[in-house]
Amino acid sequence: MHRFLFVTHSHNKLSEAERFLDMKLQHYGLDLPELQSVDVEEVAVHKVKYAYNVLQRPVMVDDTGLYVDAWNGLPGGLVKWFMQRVGDRGICDMMQVAKERTARAKTVVATIDDEVNLNIYVGTMEGTIAPEPAGEGGYSWETIFIPNGSDRTVAQMTREEKDHYSMRRVAFEALIRREESMVPSVGALLER
Ligand SMILES: O=P(O)(O)OP(=O)(O)OP(=O)(O)OC[C@H]1O[C@@H](n2cnc3c(O)ncnc32)[C@H](O)[C@@H]1O
């Protein structure tokens, strides 16, 4: 994972990624023209290709969205605009007429390595939209998302609880598995 430059402006993403990968990451706040799409896979692939073209070195990006089933997956990758325009309380108000409250948060981590291979790693967190915002200091939609298995919003959780449910943790664990399967361990090298 050391080989990837993590391209993000988000301190929250960086500190979570470093925790989940258990290492310090090189990072860079490049201004990435973000494709406006519901589909976070599409946005992440667009971002990582752009970052690679500009920086010409192995790069990694994270794109995250919130998918509400009653709205056929909206806002997905457009959640930033929903939060800016209607906010957490506005989303709860709009959900009052919804027949189902189920939703999922999805993180897509995309990498391009030095052989220009592109890979994506997906993590999801299933849950429901809360009847009203709850929790202090939550970031973005964390005040209105209740993960399955909990009765509290992400914003009401301790860091340890949040990490337990985190869609970002699942995505980075998939990256770790892939990297470990590619790099022979020191033990394996000594056996040759
Ligand atoms: O520089 P980049 O990495 O692109 O940072 P960003 O903040 O623009 O990242 P996204 O487009 O992926 O984020 C879309 C929205 O989702 C929010 N978001 C991202 N990760 C989140 C998380 O773990 N919990 C809650 N909200 C999150 C974020 O605040 C944005 O409003």
Side-chain angles (χ1 to χ4, degrees), residues 4-21 25-52 54-55 59-68 71 73-92 103-112 120-130 133-147 150 152-175:
F4 296 118
L5 178 69
F6 189 19
V7 180
T8 181
H9 282 291
S10 165
H11 293 295
N12 179 67
K13 285 183 185 178
L14 176 64
S15 64
E16 289 195 357
E18 289 186 332
R19 210 154 66 237
F20 300 143
L21 296 174
L25 291 170
Q26 308 172 68
H27 57 96
Y28 186 65
L30 178 69
D31 273 324
L32 298 165
E34 238 174 71
L35 184 77
Q36 300 309 319
S37 170
V38 173
D39 182 351
V40 284
E41 278 92 345
E42 199 184 357
V43 180
V45 166
H46 183 263
K47 279 203 305 199
V48 80
K49 284 182 179 171
Y50 183 89
Y52 185 85
V54 172
L55 300 166
V59 282
M60 170 166 84
V61 302
D62 165 325
D63 203 76
T64 295
L66 180 69
Y67 291 79
V68 176
W71 298 342
L74 274 173
L78 304 174
V79 65
K80 188 154 72 188
W81 313 116
F82 264 61
M83 289 300 297
Q84 280 176 11
R85 295 294 169 116
V86 290
D88 53 1
R89 192 162 294 281
I91 293 179
C92 291
R104 72 200 44 75
K106 190 198 284 191
T107 289
V108 175
V109 174
T111 58
I112 295 185
I120 66 168
Y121 307 92
V122 182
T124 56
M125 169 168 65
E126 300 287 331
T128 52
I129 302 296
E136 296 298 319
Y139 137 71
S140 191
W141 42 263
E142 289 179 348
T143 49
I144 57 167
F145 188 82
I146 302 175
S150 175
R152 285 173 306 143
T153 66
V154 177
Q156 291 175 297
M157 294 181 174
T158 61
R159 193 173 84 178
E160 288 69 27
E161 281 175 288
K162 182 182 161 184
D163 285 355
H164 168 75
Y165 291 105
S166 172
M167 65 289 162
R168 183 162 291 116
R169 179 179 59 74
V170 177
F172 277 106
E173 282 176 357
L175 169 64

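Counting starts at 1 for both ligands and their atoms, following the listed order. Quick caveat: nothing in here was measured; it's all calculated off a predicted structure. Position 1 is the first residue of the sequence, and the numbers go up from there.
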Partner of T111 under side-chain contact (heavy atoms from CB on, under 4.5 Å), chosen from Y121, F6, Y52: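 Going through the options one by one, the only one that passes is Y121.
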Candidates L66, D88, I91 - the one meeting side-chain contact (heavy atoms from CB on, under 4.5 Å) with F145: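 Of the listed options, the one satisfying the test is L66.
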Going by atom type alone, with no hydrogens or angles, which donor-acceptor pairs under 3.5 Å involve a side-chain atom of residues 160-167 and a protein atom two or more places apart or on another chain?
unit_1	atom_1	unit_2	atom_2	d
E161	OE1	R152	NH2	3.3
E161	OE1	T158	N	3.0
E161	OE1	T158	OG1	3.3
E161	OE2	R152	NH2	2.2
K162	NZ	E16	OE2	2.9
K162	NZ	E142	OE2	2.6
D163	OD1	R19	NH2	2.8
D163	OD2	R19	NE	2.9
D163	OD2	R19	NH2	3.1
Y165	OH	G149	O	3.3
S166	OG	R168	N	3.0
S166	OG	R169	N	3.0

Nitrogen or oxygen atoms of E16 and ligand 1 under 3.5 Å apart: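 No; the residue has no nitrogen or oxygen that sits under 3.5 Å from a nitrogen or oxygen of the ligand.
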Nitrogen or oxygen atoms of K162 and ligand 1 under 3.5 Å apart: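 No; every N/O pair is 3.5 Å or more apart.
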Ligand 1 contacted by K47 (non-hydrogen, < 4.0 Å):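 Yes, that is the case, since the closest heavy atom of the residue is under 4.0 Å from the ligand.
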Whether M83 lies under 4.0 Å from ligand 1, heavy atom: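 M83 does not count as a contact of ligand 1 under the 4.0 Å cut-off.
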Winner among W81, F82, F6, Y139 once heavy atoms are compared against atom 21 (C) of ligand 1: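 Comparing heavy atoms across W81, F82, F6, Y139, the nearest one to atom 21 (C) of ligand 1 lies in Y139.
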Subset of ligand 1 atoms that lie under 4.0 Å from at least one heavy atom of K13: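 Heavy-atom distances to K13 below 4.0 Å select 2 (P), 3 (O), 4 (O), 5 (O), 6 (P), 9 (O), 10 (P), 12 (O).
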Atom 24 (N) of ligand 1 [closest protein heavy-atom partner, distance rounded to 0.1 Å]: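 Protein heavy atom at minimum distance: E142 OE2, 2.9 Å.
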Protein contact of atom 3 (O) of ligand 1 - nearest heavy atom, named by residue and atom, plus distance: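 Protein heavy atom at minimum distance: T8 OG1, 2.6 Å.
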Heavy atoms from other residues, nucleotides or ligands near CD of E136 exceed 12 (cutoff 6.0 Å):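 No, the 6.0 Å shell around CD holds no more than 12 heavy atoms from other groups.
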N/O donor-acceptor pair under 3.5 Å between H27 side chain and L5 backbone: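 No, because the side chain of H27 does not come within donor-acceptor range (under 3.5 Å) of the backbone of L5.
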Over-ring placement of K106 relative to Y67, 6.0 Å and 45° cut-offs: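 Because its charged atom sits under 6.0 Å from the ring centre and within 45° of the axis, K106 does stack over Y67.
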